[in-house]
Amino acid sequence: MNHLENVEKIDIDRFREDLISWFRHEQRSLPWREDQDPYKVWVSEIMLQQTRVDTVIPYFLRFMEQFPTIEALADADEDKVLKAWEGLGYYSRARNLQAAVREVKEKYNGVVPDSPKEIAGLKGVGPYTAGAILSIAYGIPEPAVDGNVMRVLSRILLIREDIAKPSSRRIFEEAVRKLISHESPSDFNQALMELGALICTPTSPSCLLCPVRDHCQAFHEGEQNNLPIKAKKKKPKQVRLAAAVAVDGEGRILIRKRSAEGLLANLWELPSVEVHHPIGNARAELEHFYKEAFQAEMKVGEPLGQIQHVFSHLIWDVIVYSAELDGTVAENESLRLVPLEGLAEFALPVPHQKMLALYAARV
DNA sequence: AAAACGTGGAA
DNA sequence: TTTCCAAGTTT
């Protein structure tokens with residue numbers, strides 16, 4: 001099936017003009033739109049991956065204040081970068097961004113490269129982000145196909161591919177290559193995304209306000225509410241955990257740094273163990289775990305409460321206990337005893353913030 | 001190709 | 001309450 005045949009039905013010159021003209025009048029004022037600094041464009045694009053604009057804004061402002069340049073970010077401690085990212089989610093974005101910035105500093109003399117090959121080779125920069133930086137920062141006519149663009153073009157071009165499939169992106173990239181303005185690639189790409197965010201929304205698109213309604217084949221067919229086609233995602237898996245807020249004689253809480261790989265990599269946490277359903281003597285399992293992992297003798301007290309946290313692919317149900325450490329625990333790079341007030345210095349993921357809130361409510 | 005990888009807000 | 005999602009990338 002040739003998905004691009006409908007491109008031929010578009011009056012491309014008028015489409016570009018209607019779209020870009022709308023964008024120039026109606027675009028939102030956003031912090032990363034104040035200039036075209038490739039570093040700022042880059043940081044904003046990474047933060048915006050799978051994340052709402054309103055969520056990103058305060059993080060972006062703080063991040064640019066703390067790490068204003070490629071040099072500043074390259075020279076920062078990873079712990080500081082993760083702390084700045086705390087609460088944003090998908091933390092590998094932060095670690096990959098810093099790794100990539102360090103590569104730009106060393107290999108490209110601190111200048112974000114402007115070739116598709118070089119920029120796509122950077123950690124955390126996939127096909128979307130590469131196209132976004134090239135077009136927005138450098139004015140190069142490359143596709144930047146995100147979820148917005150696939151939704152908008154699936155309607156305008158009446159493309160019935162499942163946009164949840166990895167292979168679909170290629171089809172939309174080919175469409176963009178035919179449609180994109182070579183005079184204003186930045187405005188064109190951003191306009192497609194802005195249209196998706198403001199007008200051509202997932203449910204109940206505002207077709208009556210749409211600047212390119214006349215070009216939209218889904219609107220013409222009355223199909224705008226049936227597109228895009230998108231497969232449902234599967235439900236997250238349930239995981240039951242037991243965690244302890246383990247306090248030593250001086251009121252300090254035992255925290256540890258998570259593994260460098262996988263979920264919440266390199267963030268700090270209250271140590272926890274998975275408890276398997278009916279078996280569970282969670283209290284005994286926790287004491288055993290602390291002894292094995294930290295050589296810590298610990299008396300587990302009463303439950304402080306239970307928290308639930310929903311990730312994209314799993315659900316944590318955590319029973320949280322208070323506990324008292326007997327004697328000393330040897331601190332090291334990834335194991336620390338920290339007073340409650342001192343925890344603000346550490347990057348803790350949201351579920352562990354919730355667990356700590358149960359403890360903080362008692363003291 | 002499919003699964004891992006976070007979070008908070010909207011429908 | 002439940003589902004879906006919001007400017008994706010990596011493995």
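Between the C1' atom of C/dA6 and the CG atom of A/Asp54 lies a distance of 11 Å, rounded to the nearest Å. To the nearest angstrom, C1' of C/dG8 lies 12 Å from CH2 of A/Trp85. Taking atom CE of A/Met150 as the reference point, atom C1' of C/dC5 lies 13 Å away to the nearest angstrom.
Of the candidate nucleotides C/dC5, B/dA4, B/dG6, B/dA4 has the atom lying nearest to any side-chain atom of A/Lys234. Checking C/dG8, C/dA6, B/dT7 against the side-chain heavy atoms of A/Asp146 singles out C/dG8 as nearest. You'll find that the side chain of A/Ser167 is closest to B/dA1, out of C/dA6, B/dA3, B/dA1.
Base contact: A/Arg28 has a heavy atom under 4.0 Å from a base atom. Counting non-hydrogen atoms under 4.0 angstrom, A/Lys235 reaches the backbone sugars and phosphates but no base. A/Trp32 comes within 4.0 angstrom of a base, heavy atoms only. When heavy atoms are screened at a 4.0 angstrom cut-off, A/Leu30 is found touching base atoms of the nucleic acid.
Taking the P atom of each, B/dG6 and C/dT1 are spaced 26 Å apart, rounded to whole Å.
One finds no salt bridge joining A/Glu287 and A/Lys299 here, because no Lys/Arg side-chain nitrogen approaches an Asp/Glu carboxylate oxygen to under 4.0 Å. Ion pair A/Arg95/A/Glu261 not flagged as a salt bridge, since none of the NZ, NE, NH1 or NH2 atoms sits closer than 4.0 Å to an Asp/Glu carboxylate oxygen.
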Salt bridge (charged side-chain N to carboxylate O under 4.0 Å, His left out) between A/Arg240 and A/Glu274, intermediate numbers included: CA-CA 6 Å; A/Arg240 303 172 67 88; A/Glu274 184 167 357; over 6 Å; no

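The two residues A/Ile46 and A/Gly124 come nearest to each other via the heavy atoms CD1-O, 3.6 Å. Contact record, A/Met150 with A/Ile163: CE-O, 3.9 Å, taken as the closest heavy-atom pair.
When each of A/Pro166 and A/Ser92 is assigned the nucleotide of DNA chain B bearing its nearest heavy atom, the one mapping closer to the 5' terminus is A/Pro166.
With rounding to the nearest 0.5 angstrom, the CD1 atom of A/Ile20 is 10.0 Å from the CG atom of A/Asp18.
Between A/His313 and B/dC5 there is a side-chain polar atom (N or O) within less than 4.0 angstrom of OP1 or OP2. The phosphate of B/dT7 (OP1 or OP2) has a side-chain N or O of A/Tyr91 nearer than 4.0 angstrom.
Judged by a 6.0 Å distance limit and a 45° cone about the ring axis, A/Arg62 is positioned over the six-membered ring of A/Tyr59.
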List, with names and distances, any nitrogen or oxygen atoms from the protein found under 3.5 Å away from nitrogen or oxygen atoms belonging to nucleotides 9-11 of chain C.
residue : atom : partner  : partner atom : Å
C/dT9   : OP1  : A/Gly126 : N            : 2.9
C/dT9   : OP1  : A/Gly126 : O            : 3.3
C/dT9   : OP1  : A/Thr129 : N            : 2.9
C/dT9   : OP1  : A/Thr129 : OG1          : 2.8
C/dT9   : OP2  : A/Tyr128 : N            : 3.3
C/dT10  : OP1  : A/Gly124 : N            : 2.5

Give me, pair by pair, the N or O atoms of the protein and of nucleotides 8-11 of chain B that are less than 3.5 Å apart, along with how far apart they are.
residue : atom : partner : partner atom : Å
B/dG8   : N2   : A/Arg52 : NH1          : 2.8

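Heavy atoms of other residues, nucleotides or ligands lying less than 6.0 angstrom from CG of A/Asn332 number more than 12.
Clustering of Ile, Leu, Val, Met, Phe, Trp and Tyr side chains at separations under 4.5 Å leaves A/Val350 isolated, with no partner residue.
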